[in-house]
Amino acid sequence: MTHVIDLRSDTVSKPSEEMRKVMAGAEVGDDVFGDDPTVNRLEAMAAERLGKEAAVYVPSGTMANLLGLLVNTRPGDEVLLGDQSHIFNYEGAGSARIANVQAHALRNREDGTLDPAEVRAAIRDPNIHTPKDALLCIETTHNRCGGAALPVEAIDELAGIAHDSGLRVHLDGARIFNAEVALGVPAARLAREADTVSFCLSKGLGAPVGSLLCGERDVVAAARRFRKMLGGGMRQAGVLAAAGIYALEQNVARLSEDHTNAKRLADGLRRYPAFAPNDPQTNIVIVDIVEGTLEGWLAAFQQAGVLAVGFGPQRMRMVTHINITSAGIDEALDRIERLVGVTAA
Ligand code: TLP
């Protein structure tokens with residue numbers, strides 16, 4: 001069997017030998033007691049990279065975002081977010097079920113931003129009848145908007161509108177380092193106006209698990225309590241955190257290779273009338289299926305050893321990552337070329 005080229009997500013990447021060595025050698029303690037030195041080092045490093053006072057290490061991006069909701073709101077508050085955002089679409093309604101907030105989804109524009117006028121209009125005047133708008137969530141890079149890296153000016157403007165009305169701002173920066181590399185703007189600058197920012201080590205950065213929530217010291221302390229409540233307090237987590245430290249030190253600059261590979265993939269696919277890919281700014285290729293069915297193409301790709309996922313009706317997503325080389329992209333395109341003749345109907 002030919003080797004599988006797995007483009008379902010950047011979450012599928014596997015830790016390198018070097019990363020595994022660092023994990024095996026990690027010094028550990030009990031992180032719930034706060035004495036795992038490797039976790040403490042990762043948290044300090046994350047806070048510094050994101051320009052915040054403190055950070056807390058959690059198992060997943062979903063938990064980091066949920067903590068962001070929990071620390072920035074009270075039950076019954078309203079949260080403004082994008083209708084294409086990960087929090088709104090893919091986090092099991094944890095906002096409603098666990099944070100007990102009402103989500104008010106605003107239209108995401110194609111570039112992943114929200115329309116400032118629509119945000120202004122959505123913020124309700126305080127009134128005995130209305131929910132209290134407590135939080136605005138922004139996402140960069142924007143997953144469903146094809147990995148768009150939001151311009152820093154757009155983030156600043158949206159955050160400014162929220163702050164002027166007394167709302168706090170949470171940035172879902174699951175892939176913020178892809179944005180840093182694509183824009184040439186440090187993550188700390190991108191997140192400057194956000195009160196809390198989450199980011200993931202287990203996506204483009206190639207660590208097996210782990211995310212962080214960064215913010216002010218007292219807010220992170222509150223998040224730590226919620227983390228324990230949710231069962232996210234891990235013990236000798238330094239074994240995992242070591243992978244995160246390695247990822248932050250070694251795997252950020254190379255994200256540009258993933259971005260180049262995503263462009264190469266999109267350019268290759270664009271040659272076929274069946275596919276209308278986006279022009280990827282980072283590592284996410286969104287392909288509208290113009291001829292044939294999504295299910296048909298996904299099955300044919302899988303048969304050929306190229307894995308993608310459905311991302312809406314007649315839309316598929318392919319994501320480049322640390323285990324995908326430019327030769328791997330060429331191989332995937334060769335396999336797809338062989339399919340196009342036989343599967344197009
Ligand atoms: N996204 C996953 C899927 O859930 C869609 C992926 O394969 O892209 N924020 C953003 C912007 C994300 O894309 C994701 C994961 C998360 C948060 C949640 O991270 P995890 O999976 O660690 O809970």
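Each ligand, and each atom within it, is numbered from 1 in the order the structure gives. Just so you know, these numbers use all the heavy atoms, side chains as well, and skip hydrogens, waters and symmetry mates.
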Checklist line | For atom 20 (P) of ligand 1, the protein heavy atom that lies nearest, with its residue and separation | finding: Gly61 N, 3.4 Å

Notebook entry, point to check: Which ligand 1 atoms does Ser60 reach within 4.0 Å, using its non-hydrogen atoms?
Noted result: 22 (O), 23 (O)

Next item on the list: Decide whether an N or O pair under 3.5 Å exists between Arg317 and ligand 1.
Entry: yes

Check: Under 3.5 Å between some N or O of ligand 1 and some N or O of Thr62?
Finding: yes

Margin query: Within the structure, is a non-hydrogen atom of Lys203 found at a distance of less than 4.0 Å from ligand 1?
Written below: yes

Notebook entry, point to check: With the threshold set at 4.0 Å, does a side-chain nitrogen-carboxylate oxygen contact exist between Glu216 and Lys52?
Noted result: no

Notebook entry, point to check: Just one of Asn65, Asn72, Thr73, Asp195 clears the side chain to side chain donor-acceptor pair (under 3.5 Å) bar with His170, so which one?
Noted result: Asn65

Check: Any Lys/Arg nitrogen of Lys14 or Asp6 sitting under 4.0 Å from an Asp/Glu carboxylate oxygen of the other?
Finding: no

Next item on the list: Would you check whether Asp10 has a nitrogen or oxygen atom less than 3.5 angstrom from a nitrogen or oxygen atom of ligand 1?
Entry: no

Note to self: Any carboxylate oxygen within less than 4.0 angstrom of a Lys/Arg side-chain nitrogen, looking at Asp10 and Arg175?
What the structure shows: yes

Note to self: Below a 4.0 angstrom heavy-atom separation, can you tell me which part of Glu91, side chain or backbone, both or neither, approaches ligand 1?
What the structure shows: side chain

Note to self: Could you measure the distance from the CE atom of Met318 to the CD1 atom of Ile329? Nearest 0.5 Å is fine.
What the structure shows: 7.5 Å

Notebook entry, point to check: Should you measure from each heavy atom of Arg175, which atoms of ligand 1 turn up under 4.0 Å away?
Noted result: 6 (C), 8 (O), 12 (C), 13 (O)

Item checked: Arg235 bridged to Asp31 by N-O distance under 4.0 Å -> no

Note to self: Give the atom numbers and elements of ligand 1 that come within less than 4.0 Å of a heavy atom of Ser9.
What the structure shows: 6 (C), 7 (O), 8 (O)

Checklist line | Protein heavy atom at shortest distance from atom 11 (C) of ligand 1 | finding: Glu139 OE2, 3.4 Å

Item checked: Gap separating the CD1 atom of Ile138 from the CD atom of Glu193, nearest 0.5 angstrom -> 10.0 Å

Next item on the list: Name the option, out of Asp172, Asn143, Asn65, that contains the heavy atom nearest to atom 13 (O) of ligand 1.
Entry: Asn143

Item checked: Distance (rounded to the nearest 0.5 Å) between His259 NE2 and Arg264 CZ -> 16.0 Å

Next item on the list: Using a 4.0 Å heavy-atom cut-off, say whether Arg8 meets ligand 1 through its side chain, its backbone, both or neither.
Entry: neither

Checklist line | Any N or O of Tyr90 closer than 3.5 Å to N or O of ligand 1 | finding: no

Next item on the list: Do me a favour and list the nearest non-hydrogen protein atom to atom 2 (C) of ligand 1 with residue, atom name and distance?
Entry: His86 NE2, 3.9 Å

Checklist line | Same cluster (ILVMFWY, side-chain, under 4.5 Å), Ile155 and Val197 | finding: yes

